[in-house]
Amino acid sequence: MPTHSEIQTLLAEIEQNNPQTAPELEQFRLDYIGSKGKLKALFEVLKTLPPDEKKTFGANVNQVKQAAEQKYQQLKEQLSEVVDNTAAPADLTMPAQTTRLGSRHPISLFLHRAVSIFRSIGFQIADGPEIEDDWHNFTALNTPEDHPSRDMQDTFYIQTNPAVLLRTHTSPVQARYMKKNQPPIRIIVPGRVYRNETISARSHCQFHQIEGLYVAENVSLADLKQTILYFARQMFNKDVQIRLRPSFFPFTEPSLEADVTCFICHAKGCPVCKYSGWVEILGAGMVDPNVLENCGIDSQKYTGFAFGMGIERTTMQIYGIKDIRLLYENDARFLRQFAGSL
Ligand code: DAH
């Protein structure tokens, strides 16, 4: 059995052993700590001792083991620092690696700007699901069974009977909100919508809309007109004029479409407005009493207006973007151009 003094000698040996290089350090590990090292041998001896000797001998061997491991760790750290210090110094004259700042997508720029304009006149933001049921997307909105927009060709159905679909417009959020809230209601709904359309330079199967809804006592077409005018002047420029044309939507009566004087050429005529001087921005109307009743609102007491604005077309017109697909390709070189505008 190794005596106490032999253990002390081993300890001293470890203390005096000072490897200077990585291979020397590895030899140190093998000699003392490794599975064939001197310490391992001592632990083998320990196993064979009677219990009363085990205790002191074990404590001594453990002390040596700790000393060896500690020294090994210390030397390892020192050596790795040495390696770092001897590496070629960093070239401080090299140009720094730059991190490019991201920028908002043009669609987001438009949405944020539009939302902040409507918020400034008391509209609150409401939200609804993109996967919608037939009732909210069509039935509640007075859309007849045989309306073409209900057709498989136009709408992405996820399930039939009962019908579950990708919402074709943001209008179903009108119904969702009115079911839960009584007037006065003044909301805008920015969001993504889907239609089963062939993707081309001018149309896509997904796009964005902003819906607006104002229901209270005595809301009239004059309020709608003033709201559109205010929005257009804030959004485009303060001299913009608006034009309201009669139209049809199942959920409004009367219905209209609103144009603004071309914000690029100031109505002089240019390719953006196709030389007409006008650019269409939204569909709107007075909420059909049937819609109010479908959603539990007393149509004798309350009236309201609603509008729906497509975002992509107008954004494309503002920026002169000729192909809608560019908006979804996420090419950073394209997107970077719009940073800081609007
Ligand atoms: N939902 C219509 C569409 O997607 C747009 C629209 C028109 C919304 C008139 C309205 C509205 O709220 O009153 O074509």
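Counting starts at 1 for both ligands and their atoms, in listed order. Each residue takes its place number in the sequence, starting with 1.
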For ligand 1, which atoms sit closer than 4.0 Å to a heavy atom of G285?
13 (O)
My understanding is that only one of Q206, H204, E312 makes a side chain to side chain donor-acceptor pair (under 3.5 Å) with Y328; could you say which?
E312
Could you identify the single nearest non-hydrogen protein atom to atom 12 (O) of ligand 1 and state the distance to 0.1 Å?
E211 OE2, 2.6 Å
dist T143:OG1 -> N137:CG (nearest 0.5 Å) comes out at 8.0 Å
Among Y177, F231, Y230, F118, find the one that has a ring-ring contact (aromatic ring centres under 6.0 Å, His included) with F123.
F118
Ligand 1-proximal atoms of S171, by part, heavy-atom distance under 4.0 Å
side chain
Any idea which atoms of ligand 1 are less than 4.0 Å away from a heavy-atom of T252?
13 (O)
protein heavy-atom neighbour closest to atom 5 (C) of ligand 1 works out as G308 CA, 4.0 Å
So which protein heavy atom does atom 3 (C) of ligand 1 come closest to, and at what separation?
R195 NH2, 3.6 Å
Near F249 (heavy-atom distance under 4.0 Å), the atoms of ligand 1 are 7 (C), 9 (C)
With under 30° as parallel and over 60° as perpendicular, where do the rings of F305 and Y214 fit, or are they tilted in between?
perpendicular
So, regarding A306 and ligand 1 (criterion: nitrogen or oxygen to nitrogen or oxygen, under 3.5 Å), is there a contact or not?
yes
Using a 3.5 Å cut-off on N or O atoms only, is Q174 in polar contact with ligand 1?
yes
Starting from atom 2 (C) of ligand 1, what is the nearest protein heavy atom, named by residue and atom, and what distance separates them?
F251 CZ, 3.8 Å
